[in-house]
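Notes for the one structure printed next.
Just follow the structure's listing: the first ligand is 1, and inside any ligand the first atom is 1. Nothing here was measured: the structure is a model prediction, and the numbers come from that model. Numbering of residues begins at 1 and proceeds along the displayed sequence.
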Amino acid sequence: MSFQRLRGFKDIYGSEADECARVEALARKVFGAFGFKEIRTPVLETRDLFRRALGSDTDVVQKEMYEFEDRSKEHIAMRPEGTAGVVRAYLENNFDKTEGLSKFFYTGSMFRSERPQAGRLRQFHQIGVEQLGTSSPYADAETIQCLVLFLDTCGAHDFEIKLNNLGTFEERKVFKETLKNYFKPREKELCDDCKSRLERNVFRILDCKSELCRRIIIKSPPIHDFLNDESKNHYRQVCEGLAGTGIRFKEDPYMIRGLDYYTKTVFEISHPKLGAQDALAAGGRYDSLIESFGGAPAGAVGFAIGVERLLMCLPEAGNEKTAGENTFFVATLGETAFKEGFRLLSQLRAAGMKVLMDFSARSLKGQLRFADKEKCRYVIILGDDEIKKNSFILKDMKNSAQKEIALSGALEALKKEEKEHA
Ligand code: HAM
């Protein structure tokens, strides 16, 4: 019997696993400098948490969530995104009362049962941040700056930022009526999904990706005309804050994003290496979510980046970076040398050095070939002659130079070598 991965699920290994670790480490560094602290929330949550947060009419909730009844008949969902769980944790752990402003970052697997294609998986990884307990437009600008700095640090240049202002749920009531009046006479031209959205949640039509619907959407009344001064001022200050940091963005009055919790600022980052519809990262403000989970009214803003998509946007050279490169390789000839080599290997590793050794009794030539494949810079060669002299040969794989070093001073000599060629 043989088994295969599920469709849309992926094994990550080799240079891709190294790259994942590298971008996660960079996220810790960049987000840490902005004052974000790590949070790890469960992969499973109650189904209603996501229904309430993301909206029952969204594609994620309607078509993509992995849901099941557990053994005690509770309705469970595998998290399709990170924000809802973070807000739940913020309230459940009383951060709203003890901390006020909380700044979290997270990394982890998310699950959406979408049609798999390049850059679209059923299990994917997100790196995200959430600021909870702030209504300041400067928090929006800071969040976007943090995202931009992180992408630049990773090497994903040439991305484009789109920005829009969705106002509050209250302001959208009138807007939705106007949208209904606009789309109703054009109902026949809409896709089947949008026909049903017209009655259920007309706002969702604006997120439709179908070519035909988009042509109608871009002539619909823009949301800005329905916003009050407070929302408009907030947006103006976000734009000013971004301009102050030199970040360029494009305003898109028809961008609404696929989740219902957004209020006021929304943004999306696209990259030319991804398909036209696939965003590299997205986020925005969600000022009503904390309250809708039972907390006191408080503003919040955040974003999430798709890790698999991020890796697709990095330059080739970055992908080839040998993050796991080893410095030394211990090659031995004969049983006594093997035992001495194994002892040296353990000693060097205990001192924190990167060392490999092959235990399959290959020829010296075979061991050197293996060392080359594993990108080892130096090979420590130990044979009977060397053992007799209490020494070993150090071969530099880059220029083939070699020298003899006494076994007694091995650690210091190799450390010096490592430092000189770091
Ligand atoms: P989202 O736009 O649904 O937002 O997803 C964020 C990012 O996750 C996308 O831009 C994309 O890179 C990645 N992504 C989404 N679905 C897939 C998939 N099926 N395969 C691969 N990558 C995918 C959120 O999830 C919000 N929680 C972001 C947020 C945080 N808003 C406020 N705070």
Side-chain angles (χ1 to χ4, degrees), residues 7-10 12 20 23 31 36 39 41 45 49-50 53-55 58-61 63-66 78-90 102-132 134 139-140 142-144 146-147 150-151 154 156 159-162 164 166 207 209 255-271 273-290 299-314:
R7 218 164 92 78
F9 289 75
K10 195 174 158 172
I12 300 171
C20 286
V23 297
F31 300 164
F36 290 98
I39 186 162
T41 63
E45 299 270 4
L49 176 88
F50 298 110
L54 317 185
T58 55
D59 280 354
V60 176
V61 167
K63 306 178 189 167
E64 298 166 6
M65 228 158 45
Y66 282 95
M78 297 180 74
R79 63 178 181 197
E81 58 99 60
T83 311
V86 171
V87 174
R88 182 213 31 81
Y90 168 77
S102 292
K103 294 171 85 171
F104 293 117
F105 78 87
Y106 53 90
T107 64
S109 290
M110 309 293 159
F111 303 84
R112 295 183 193 178
S113 180
E114 295 189 75
R115 199 163 47 80
Q117 61 182 60
R120 195 193 285 157
L121 293 149
R122 291 182 168 172
Q123 178 178 359
F124 58 98
H125 297 82
Q126 282 188 346
I127 296 180
V129 314
E130 312 291 349
Q131 298 209 43
L132 305 127
T134 170
D140 306 22
E142 181 196 41
T143 302
I144 297 172
C146 179
L147 172 56
F150 171 67
L151 293 176
C154 290
F159 48 83
E160 186 184 85
I161 307 172
K162 276 189 287 185
N164 195 17
L166 300 184
D207 197 36
K209 303 287 185 285
M255 181 185 63
I256 66 158
R257 306 293 317 134
L259 310 168
D260 268 354
Y261 51 57
Y262 291 119
T263 54
K264 295 185 179 166
T265 319
V266 282
F267 51 89
E268 180 179 293
I269 299 227
S270 56
H271 194 283
K273 286 193 179 170
L274 300 172
Q277 290 174 16
D278 285 325
L280 166 58
R285 185 160 271 289
Y286 44 96
D287 286 346
S288 298
L289 191 55
I290 294 175
V301 58
F303 66 75
I305 304 157
V307 175
E308 287 78 4
R309 291 187 192 175
L310 173 60
L311 298 197
M312 288 165 76
C313 299
L314 300 183

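- Comment: Arg257 does not engage Asp207 in a salt bridge, judged by the lack of any side-chain N to carboxylate O separation of less than 4.0 angstrom.
- Within 4.0 Å of ligand 1, contacts by protein heavy atoms are made from Glu81, Thr83, Tyr106, Arg112, Glu114, Gly119, Arg120, Leu121, Phe124, Gln126, Glu130, Arg257, Leu259, Tyr261, Tyr262, Ala279, Leu280, Ala281, Ala282, Gly283, Gly284, Tyr286, Gly302, Phe303, Ala304, Gly306, Arg309.
- Proximity of Leu314 to Met312: side-chain heavy atoms (C-beta onward) are nowhere separated by under 4.5 Å.
- Listed by chain and number, the residues in a salt bridge (Lys or Arg N to Asp or Glu O under 4.0 Å) with Glu308 amount to none (sequence neighbours excluded).
- Residues passing the salt bridge (Lys or Arg N to Asp or Glu O under 4.0 Å) test with Glu81: none are found, sequence neighbours excluded.
- In this structure Arg88 satisfies the side chain to side chain donor-acceptor pair (under 3.5 Å) test together with Glu45, Glu92, sequence neighbours excluded.
- The aromatic ring centroids of Phe105 and Phe36 lie 6.0 Å or more from each other.
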